[in-house]
Amino acid sequence: MKKRSMETSLADHRGKLIRSIERRLFLKQGLSLGALALLSGCELTDGEGVQKMLLAMSRWNDGAQAWLFNSTKLAPEYPESAITKPFPFNAYYGEDEVRLVDAASYKLELSGLIREKKPWTLPELYALPQTSQITRHICVEGWSAIGKWSGVRFSDFLARVGADATAKYIGFECADDYTTSIDMATALHPQTVLTFRFADQILPPKYGFPMKLRIPTKLGFKNPKHITAMYVTNEYPGGYWEDQGYNWFSGS
Amino acid sequence: MKSPEAIAVAAILGTVSLAFAAGTTPGKPMKMDEPMHGEMKKQNMKKGDVKKAAEKKALKMKPVMEKEAAGAQKR
């Protein structure tokens with residue numbers, strides 16, 4: 001009796017294994033086919049054609065990454081002793097050119113598929129329930145650093161303003177002219193936080209005063225600083241670096 | 001009485017620290033025609049390109065969002 005159930009279990013396992021290998025083979029063949037199509041479908045001298053094809057492949061890649069994204073899997077968190085000191089400054093401009101945002105007149109503008117579009121002042125944002133995280137910021141340039149950020153869980157903020165959680169994208173505009181956007185699943189991830197503090201102090205200008213969206217499941221350039229406006233939409237918004245060909249999803 | 005050497009050293013140190021502070025204190029106007037900082041930039045990218053791209057994007061996204069928001073209100 002026991003032997004038979006073991007045989008049945010082994011047969012089940014073998015079946016699953018074969019199906020898994022078949023799936024992998026299918027994916028491999030699909031990717032090879034895609035690569036072949038890329039090579040044969042356009043002339044390498046046709047810059048625009050190549051760019052369009054690469055962009056289409058990149059968007060396909062975004063879709064695959066979004067499909068693989070696990071909205072409950074958490075990024076590693078670290079003890080205070082692991083914090084990188086000093087935390088590096090990084091932007092497309094020098095540290096002396098960091099935009100200074102006036103706290104008194106600052107208002108976070110909301111638009112798109114959001115029910116309550118009333119702008120938010122800093123005291124109103126600071127009064128929301130806060131959470132902290134010590135996570136690793138990973139830059140596309142190849143370096144990483146651990147920091148402590150505190151603020152309101154982004155999913156709580158989105159629920160409070162009545163954002164349409166079935167929409168696809170959230171776009172951001174920043175005081176330093178930077179733009180980016182993220183997928184809704186990442187926006188609702190428990191570690192995605194709208195932060196107002198760094199190392200238990202009000203965010204200094206160089207780290208994004210008055211607020212930085214901290215997303216430990218994505219690369220650094222998907223973590224906008226000095227946010228002044230955000231919108232919820234179903235239309236792909238892209239972003240500055242994303243429009244230059246950097247992978248839009250850029251996350252795990 | 002302070003020696004002239006000590007005063008000169010203090011003056012130099014003061015000037016150097018002021019210059020250092022001016023170099024890292026945020027708030028200086030961005031030089032838009034200068035090349036971008038960082039490793040993400042591509043050849044010939046200037047700091048001002050980001051502002052131009054943001055303005056273009058805002059123009060593109062504004063009517064889309066207005067349309068979407070109007071559609072959501074109807075529902």
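All chains are named by letter (A, B, ...) in the order of the sequence lines, taking the proteins before the strands, and each is independently numbered beginning at 1.
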Structural part of B:Lys51 lying under 4.5 Å from a heavy atom of chain A
both
Please determine if A:Glu235 and B:Lys67 form a salt bridge, counting it only when a charged side-chain N lies under 4.0 Å from a carboxylate O.
no
Calculate, to the nearest 0.5 Å, the distance between atoms CG and CZ belonging to A:Leu213 and A:Phe154 respectively.
5.5 Å
At a heavy-atom separation under 4.5 Å, does A:Pro237 approach chain B through its side chain, its backbone, both, or neither?
both
Roughly how far apart are A:Leu113 CG and B:Met65 CE, rounded to 0.5 Å?
9.5 Å
Sort A:Tyr236 into side chain, backbone, both or neither according to what part of it lies under 4.5 angstrom from a heavy atom of chain B.
backbone
Flag for A:Ser150-A:Gln130: side-chain donor and acceptor within less than 3.5 Å
no
Is B:Met30 in contact with chain A via its backbone, its side chain, both, or neither, using a 4.5 Å heavy-atom distance?
both
Looking at A:Asp62 and A:Arg59, is any side-chain nitrogen of the basic one under 4.0 Å from a carboxylate oxygen of the acidic one?
yes
Picking from A:Gly239, A:Ser111, A:Pro204, which has the most non-hydrogen pairs under 4.5 angstrom with chain B?
A:Gly239
Just give me the residue among B:Met36, B:Met40, B:Lys42 that pairs up with chain A most often, heavy atom to heavy atom, under 4.5 Å.
B:Met40
Test: A:Arg99 and A:Asp177 ion pair at under 4.0 Å
yes
A:Val232, A:Leu100, A:Asp176: which one forms the most heavy-atom pairs within less than 4.5 Å of chain B?
A:Leu100
Max heavy-atom pairs within cutoff under 4.5 Å with chain A, candidates B:Glu66, B:Lys60, B:Glu55, B:Met45, goes to B:Met45
Max heavy-atom pair count under 4.5 Å with chain B, selected residue of A:Glu173, A:Lys206, A:Gln244:
A:Gln244
Counting heavy-atom pairs under 4.5 Å with chain B, which one of A:Tyr178, A:Tyr231, A:Phe89, A:Trp241 comes out on top?
A:Trp241
Check each atom of B:Val64 against the heavy atoms of chain A and say whether the ones under 4.5 Å are side chain, backbone, both or neither.
side chain
Take A:Leu194 and A:Met230 through the test side chain to side chain contact (heavy atoms under 4.5 Å, CB included) and record every step on the way to the result.
CA-CA 12 Å; A:Leu194 201 53; A:Met230 62 175 77; 4.1 Å; yes
With only heavy atoms counted, which part of A:Ala91 is less than 4.5 Å from chain B, the side chain, the backbone, both or neither?
backbone
Contact origin within A:Thr233 toward chain B - heavy atom pairs under 4.5 Å:
both
Which heavy atom of A:Leu158 sits nearest a heavy atom of A:Ile170, and at what distance?
CD1-CD1, 3.5 Å
Using a strict threshold of under 4.0 Å (side-chain N to carboxylate O), is an ion pair present between A:Glu242 and A:Lys222?
yes
